[in-house]
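Structure, as structure tokens:
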Amino acid sequence: MRVVAAMSGGVDSAVAAARAVAAGHDVTGVHFALSADPAARREGARGCCTLSDARDARRAADVIGIPFYVWDLAERFAEDVIDDFLSEYAAGRTPNPCVRCNERIKFAAVLDRALDLGFDAVCTGHYARLDQRHGIPRLRRAVDAGKDQSYVLAVLDADQLTHTLLPLGDSTKADVRQEAAARGLAVARKPDSHDICFIPDGDTRAWLAQRLGATNGPIVDADTDEVLGEHQGSYGFTIGQRRGLKLTRPASDGRPRYVVGVEPGSNTVFVGGVHRLAADRIRTAEPLWLDPQGAAALEEPQDLWAQIRAHGEPMRVSEVEAGESGLLIRLAEPARAVAAGQTVVLYRGDQVVASATISHSGSMDLPVSGVAPGVPAPPR
Amino acid sequence: MPSHYLDHAATTPVRPEATAAWLAAPGGNASSVHATGRRARRVLEEAREEVADRLSVTASDVVFTSGGTMADNLAVRGIHAARTVADPTRDTIVVSAVEHHAVLDAAAAVPGARVHTLPVDEQGRVNTEHLADVLAAEAGRVSLVSVMSANNEVGTAQPIAEISAVCRSVGVPLHIDAVQSVGWWGAPPAEGVAFSVSGHKFGAPAGIGALVLPAGVPCQPLIVGGGQERKVHSGTLNVAGAAAMAAALAAALDSNLASGEPGTPLPQLRAELEAGVVAAAPEARIVGGGDRLPGVVSAVFDGCEADALLMLLDAAGIECSTGSACTAGIPEPSHVLAAMGADPATARSALRFSLGWTSTRADVEALVDALPEAVARARRASARQSGRRTSRRLSGTAV
């Protein structure tokens with residue numbers, strides 16, 4: 001096959017490209033320029049965009065012995081990832097920009113372009129196992145549980161996965177580093193990073209404030225409606241957050257208080273005790289089924305798991321109802337801090353069944369609510 | 001897979017005469033007083049005389065630099081600085097819109113300077129009358145005029161003799177970026193002007209160039225130190241490089257526009273390339289016109305992104321370029337084509353094919369063979385992208 005190897009400059013994508021070559025594919029290395037001003041990107045940030053990342057990717061391609069190009073995707077990235085990140089936060093939701101980048105850049109813009117230009121597939125250094133059964137792609141967790149990235153890939157549809165190669169799913173990170181060193185790839189010792197690449201100093205709240213403006217609003221006790229303090233913009237808060245509230249009065253029960261709701265319309269942040277964070281019901285927008293038969297399979301919820309964060313623990317699912325507009329997922333145990341805008345991925349065992357964007361969450365004690373009382377479900 | 005090198009305007013293979021001169025050059029520091037130093041100095045000065053002879057200038061006017069960019073920077077910033085010191089009201093540098101970044105960015109980098117940019121016509125030529133009007137209006141404010149002899153992206157030659165006459169009539173120094181033309185045409189057709197030379201464009205190794213700086217043109221150094229080159233430039237002299245450049249220049253000018261195809265001069269091979277490109281991709285348009293560099297062809301492929309086309313041709317063994325500046329390997333829309341009136345999409349869809357002393361008919365044929373499929377694929381990728389833009393715009397208005 002003619003394969004585009006997406007090369008971020010990191011060790012994983014370099015080894016993935018080398019393995020694609022070893023497997024006999026005709027591989028071309030491509031680095032994505034995601035910023036019009038690469039110098040402004042955070043050095044060592046995940047992924048993508050700094051000049052040193054571009055250089056590392058180029059050197060890896062040299063060592064592997066494949067042609068190398070930089071594709072300018074800065075405009076797409078600004079529209080589909082950065083603008084989306086801002087508008088989601090402005091609406092009180094908590095987006096994952098890396099998921100968006102996979103969904104709309106790495107496996108949409110890049111894959112489309114690669115196929116148009118005569119390539120057959122895109123190869124990346126994500127840790128997940130991918131194969132085909134009866135012509136249907138099967139996406140499973142990586143062998144290395146600590147590195148598993150099936151969550152961020154679960155937003156890809158079957159067609160996209162059919163044109164995807166993930167050569168690292170059966171390896172551990174330690175193996176990959178060792179292999180990189182053995183292959184003479186100088187990126188072998190490069191540290192992992194988990195920052196948002198387009199926020200240069202890592203201060204998400206300041207970055208948001210600069211773009212969305214700082215407007216003071218109340219911090220309200222969700223139980224008593226009492227105003228407890230003030231904040232500079234509700235978008236700076238996400239459900240489950242405890243730090244940065246700067247409340248001067250302790251709660252009546254003396255227990256810590258958390259953000260339990262964000263209402264961007266009235267610029268209000270609701271706080272409450274940890275019990276208010278517990279949610280055992282998750283309502284979603286329309287799901288993406290990896291297996292077309294997946295919906296039927298949900299009638300047997302054995303070994304069904306939900307995951308709501310890239311590095312989150314899988315949670316046992318007791319029941320899933322598939323409605324017209326989305327899913328209602330009941331968890332066996334309440335989960336903490338389920339925020340609208342996050343992606344929930346359903347697994348059967350270690351295999352991805354579906355993914356969907358969370359619209360509401362709630363518990364047996366509280367009504368299933370949106371991002372905050374009185375806020376309608378976000379249109380998705 | 002054999003590769004077909006169609007990027008001689010970026011750099012051309014080192015000529016055997018240059019390699020021989022480089023290897024024959026002695027060691028030693030040409031500024032040393034002892035015998036070894038004298039031997040090195042002799043080779044350096046012979047190289048200076050050969051370069052001067054070939055360019056019909058005085059040997060002492062040749063200031064060796066590390067290359068064309070160094071020469072352009074020295075001329076633009078150094079002449080401006082000297083003229084401003086003499087007369088602080090001279091705050092304006094006049095450049096054409098299609099100059100290389102070595103000139104544009106050098107002018108923009110001068111603190112406190114005003115940069116007046118001369119527009120060009122759709123072929124990339126400066127209007128001499130417009131320049132005359134600008135200088136008539138404010139010659140007292142102009143420190144220097146800098147215009148290239150021929151453009152690196154589209155090959156168009158400037159009316160240098162006329163431009164020089166206009167500048168001379170008002171007593172304003174003219175600098176000419178002659179980097180692309182010197183190896184074909186020798187010195188630009190103007191007396192008493194400064195001009196930049198870059199060795200690797202005509203068969204010397206990269207790392208050696210010169211600024212021809214007539215004694216009457218004031219110039220301050222940018223780089224200070226030992227003052228080796230008339231105190232206007234410093235750094236231990238590159239003896240082997242200078243010898244190689246002199247040998248390459250002599251060989252290039254003696255070759256009289258020969259290509260690598262026996263019996264086929266470069267302009268003829270270029271005509272074949274242009275005809276072949278238009279035959280293989282009927283929508284392609286050749287850009288630039290009038291007097292042009294003998295080896296350069298700039299072609300716009302409407303509906304294709306040049307970087308996609310470049311990659312596809314590279315995969316087929318055809319090596320060309322977008323001809324414009326790159327940041328971390330990302331092609332920018334060409335400022336040259338934009339100045340010639342192209343919209344941004346067009347400015348992103350131009351490729352430069354440049355022929356040189358090793359080019360053969362087989363190179364041209366390989367390009368013509370590979371082009372149809374590459375254009376079809378690049379167009380498909382580009383159509384999807386622009387379709388997406390349109391749908392975004394439409395959905396935007398609907399909301």
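In the text below, chain A, chain B and the rest are named by the order of the sequence lines, each starting its count at 1. Not measured: the values here are computed from a predicted model.
- For the pair Leu117(A) and Ala378(B), the tightest heavy-atom approach, listed with the atom from each and the gap, is CD2-CA, 3.9 Å.
- Residues of residues 107-115 of chain A having a heavy atom under 4.5 Å from any heavy atom of chain B, listed by number: Asp112(A), Arg113(A), Leu115(A).
- Within residues 308-318 of chain B, the residues having any heavy atom closer than 4.5 Å to a heavy atom of chain A are Ala308(B), Met311(B), Leu312(B), Asp314(B), Ala315(B), listed by residue number.
- The environment of CD in Glu274(B) is crowded: more than 12 heavy-atom neighbours from other residues, nucleotides or ligands sit within 6.0 Å.
- In summary, Arg377(B) and Asp116(A) do not engage in a salt bridge, as defined by a charged side-chain N under 4.0 Å from a carboxylate O.
- With a 6.0 Å radius and a threshold of 12 heavy atoms from other residues, nucleotides or ligands, Glu283(B) has its CD atom above the threshold.
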